[in-house]
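One structure below.
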There are 2 protein chains.
Amino acid sequence: MRDPASKKDVALEDMASGCVGCVTRSLCLGEGLNQQQLKGLERIITIRGPYRTGQAIYRLEERFNSLFIIRAGTVKTESVSQEGNNLVDGFFFQGDVFGMEAIGSATYEHDAVALEETWVCELPFEQFESLCQFVPRLQHKIMLLFGQKMRHTNQSIVHGRCQSVEQRLMGFLRMLCQKSVLQDEKCRSSVQLVMTKGDIASYLGLRPESLSRALRKLQSRGIIRNHGKRVEVLNVSAVSSEVCK
Amino acid sequence: MRDPASKKDVALEDMASGCVGCVTRSLCLGEGLNQQQLKGLERIITIRGPYRTGQAIYRLEERFNSLFIIRAGTVKTESVSQEGNNLVDGFFFQGDVFGMEAIGSATYEHDAVALEETWVCELPFEQFESLCQFVPRLQHKIMLLFGQKMRHTNQSIVHGRCQSVEQRLMGFLRMLCQKSVLQDEKCRSSVQLVMTKGDIASYLGLRPESLSRALRKLQSRGIIRNHGKRVEVLNVSAVSSEVCK
DNA sequence: TTAACGAATTGATCTTGGTCACCGAATGGG
DNA sequence: CCCATTCGGTGACCAAGATCAATTCGTTAA
């Protein structure tokens with residue numbers, strides 16, 4: 001991650017442009033908007049970054065004002081369980097919107113923490129709501145996003161409860177491959193983990209030890225190779241298929 | 001439930017009125033709208049009912065067109081897990097909106113099934129989106145609803161994963177008491193279960209046997225009394241307090 | 001009323017994942 | 001460069017909840 005030639009070291013000029021020239025636009029809320037509408041969106045967003053690994057974009061109980069969209073990098077959101085453990089609620093990648101759980105609440109519900117060098121667009125929510133009044137397409141897009149988010153949660157978390165650890169893990173790897181492909185055309189069968197194994201375990205509702213064992217089992221079944229921070233998917237079709245085990 | 005004097009036998013005339021005279025309005029999307037705005041909402045909704053116990057309001061893979069709001073009664077949504085079991089994803093009570101997971105999808109993601117005599121308002125989503133363009137307050141309300149829903153899911157499901165069965169069960173009973181209070185001012189410490197124990201177990205991610213044992217444990221601790229379809233909450237403060245066990 | 005079915009409960013046993021203890025490797029700060 | 005700290009992995013053991021099998025209870029149907 002300190003490698004100066006790494007793709008993660010984002011060109012500053014790419015990050016300075018507004019919505020109209022944004023390289024991430026095809027993934028973003030701005031997708032499908034015309035020039036004028038994009039200008040409207042551009043007027044209310046603020047580009048923020050670079051956040052360094054471990055830096056917070058917002059913190060639990062800070063006043064909620066804005067949604068955030070990732071231009072480059074990765075973010076996790078985490079909260080604190082009743083027992084006082086940290087609990088990772090989500091990972092967010094290029095083009096993803098985060099902060100939505102705070103809508104209708106006075107304050108944020110999580111810490112949002114950068115997992116690598118990260119740039120985001122800050123989208124003040126009140127102004128965004130006003131803009132939606134004038135741009136039906138934008139209103140529509142945010143609704144789609146809500147629906148997607150609910151479906152994803154239901155699929156991965158609710159249905160995850162009646163899956164084995166290995167199934168849930170494969171689902172996670174599948175998601176990671178899909179998201180990584182967006183960032184990086186090549187090597188869709190190998191994933192560089194930007195989060196710790198502990199974070200992944202927490203996200204999957206496991207102890208780190210159990211995740212470690214599950215990875216070992218998948219490796220012994222020839223489905224993956226687990227090299228520390230890099231996971232190779234050897235049997236793509238096994239991981240891709242919904243029904244497995 | 002066959003008792004003719006039961007509060008569940010809804011007066012037909014109450015169900016015939018539009019939004020303006022609706023008894024459920026204080027719970028509904030229409031809350032806070034002026035007469036004219038309510039009329040707009042009233043124009044696009046259709047009142048449907050009565051649905052009998054077990055009847056579907058919509059089914060998995062049917063074309064998604066509308067959200068639904070409960071005027072009277074109770075609904076569960078359920079889907080099918082990979083292993084082919086039914087999986088209860090949610091319970092919905094008076095004033096609750098369901099069908100939101102299907103937004104942005106061509107078809108519904110669940111079966112929605114009435115658990116008792118039930119009346120709903122059908123809200124065609126496209127027309128609703130158009131209406132939101134003209135009624136900022138309505139757009140704002142639906143956004144709040146999305147945020148609430150996401151927070152609720154995160155709280156109950158995600159955080160539920162690191163709770164004991166008894167804690168999750170108490171959380172469920174707490175929710176049930178709150179919702180029942182809305183329907184029925186008296187006896188807030190006793191809940192008539194309209195869903196089966198099997199449904200509750202599924203919703204909590206348990207086997208029916210495990211739920212039964214958990215109920216017995218709470219009873220032996222003097223917190224509840226479990227009489228088949230009726231659950232009495234003896235120690236309200238224990239169930240109400242967030243942190244328990 | 002009785003028969004029949006599904007829901008609820010109970011006990012015995014097994015499995016999965018959690019807990020605890022430890023070690024080695026990687027990472028970051030002085 | 002070294003040391004401290006965090007991260008990742010392993011084994012032994014334990015406990016919560018699943019599974020299987022049997023019984024009781026309640027509701028509906030005949």
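Whole-Å rounding puts the A/Leu204 CG to C/dG17 P distance at 12 Å. Between the CG atom of A/Asn85 and the P atom of C/dG18 there is a distance of 12 Å, given to the nearest Å. For the pair B/Arg207 CZ and C/dA7 P, the computed distance is 15 Å after rounding to whole Å. One atom, CG of B/Leu206, and another, P of D/dT19, lie 11 Å apart when rounded to the nearest Å. Between the CD atom of A/Gln163 and the P atom of C/dT16 there is a distance of 16 Å, rounded to whole Å. As a whole-Å value, the separation of B/Lys217 NZ from D/dA15 P is 12 Å. For the pair B/Leu211 CG and D/dT19 C1', the interatomic distance rounds to 16 Å; values are reported in whole Å. As a whole-Å value, the separation of A/Gln167 CD from C/dG17 C1' is 15 Å.
Side chains of B/Thr107 and B/Glu61: a donor-acceptor N/O pair is absent below 3.5 angstrom, by distance only. A side-chain N or O of A/Glu122 and one of A/Ser66 form a donor-acceptor pair less than 3.5 Å apart.
Scanning for ring-ring contact (aromatic ring centres under 6.0 Å, His included) contacts around B/Tyr51 gives an empty result, with sequence neighbours left out. Qualifying side chain to side chain contact (heavy atoms under 4.5 Å, CB included) partners for B/Ala102, counting only residues two or more places apart in sequence or in other chains: B/Phe64, B/Tyr108. The side chain to side chain contact (heavy atoms under 4.5 Å, CB included) test applied to B/Ser79 returns A/His159, B/Leu87, B/Asp89, B/His110, not counting sequence neighbours. Residues that satisfy the ring-ring contact (aromatic ring centres under 6.0 Å, His included) test with A/Phe146, not counting sequence neighbours, are B/Phe146.
Proximity of A/Ile224 to A/Met170: side-chain heavy atoms (C-beta onward) are nowhere separated by under 4.5 Å. For the pair B/Asp96 and B/Val75, the minimum side-chain heavy-atom distance is 4.5 Å or more.
Between the base of C/dT19 and the side chain of A/Arg213 there is a donor-acceptor pair shorter than 3.5 Å.
Within 4.0 Å of A/Gly205, counting heavy atoms only, lie sugar-phosphate atoms of the nucleic acid but no base atom.
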query = Reading nucleotides 3-9 of chain D 5' to 3', which nucleotides get B (base under 4.0 Å from a protein heavy atom), which S (sugar-phosphate only), which -?
reply = -----SS
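For the pair B/Lys76 and B/Glu78, the salt-bridge criterion is met [side-chain N within less than 4.0 Å of a carboxylate O].
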Which nucleotides of DNA chain C pair, in dot-bracket form (Watson-Crick or G-U under 3.5 Å, | meaning another strand) = ||||||||||||||||||||||||||||||
